[in-house]
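When a residue number appears, it is its place in the shown sequence, counting from 1.
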Amino acid sequence: MAVARLGAVAVALFGATALARTTSPAPPLRVVANDNRIPAGTRHGDTLRIDLVLQQAEWYPEAEDGPH
């Protein structure tokens, strides 16, 4: 009887820990300025192809420890 209770407690604890790990939010992404040394896209004839990604991120325009 005590072994069954111990097993149920272990499952409950490890299950809750795994669930907490998978549902925690990822840290916010930080925007970094492009130094314009690498082309942003590829050119084919008179067409320039640029792939953009839209997502929420933090940008620190004044200083690394300034407001975002």
Extract all donor-acceptor atom pairs below 3.5 Å that involve side chains of residues 45-56 and protein atoms in other chains or at least two apart in sequence.
{"from": "Arg49", "atom 1": "NE", "to": "Asp51", "atom 2": "OD1", "distance (Å)": "3.2"}
{"from": "Arg49", "atom 1": "NH2", "to": "Asp51", "atom 2": "OD1", "distance (Å)": "3.2"}

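With sequence neighbours excluded, the residues forming a side chain to side chain contact (heavy atoms under 4.5 Å, CB included) with Arg37 are Asp35, listed by chain and number. Residues passing the side chain to side chain donor-acceptor pair (under 3.5 Å) test with Arg43: none are found, sequence neighbours excluded. For Ala57, the side chain to side chain contact (heavy atoms under 4.5 Å, CB included) test picks out Leu29, Val31, with sequence neighbours left out.
Counting only residues at least two apart or on different chains, the salt bridge (charged side-chain N to carboxylate O under 4.0 Å, His left out) pairs with a member in residues 53-68 are Arg30-Glu64.
Taking all atoms of both residues into account, the shortest heavy-atom contact from Pro67 to Pro61 is O-CD, 3.9 Å.
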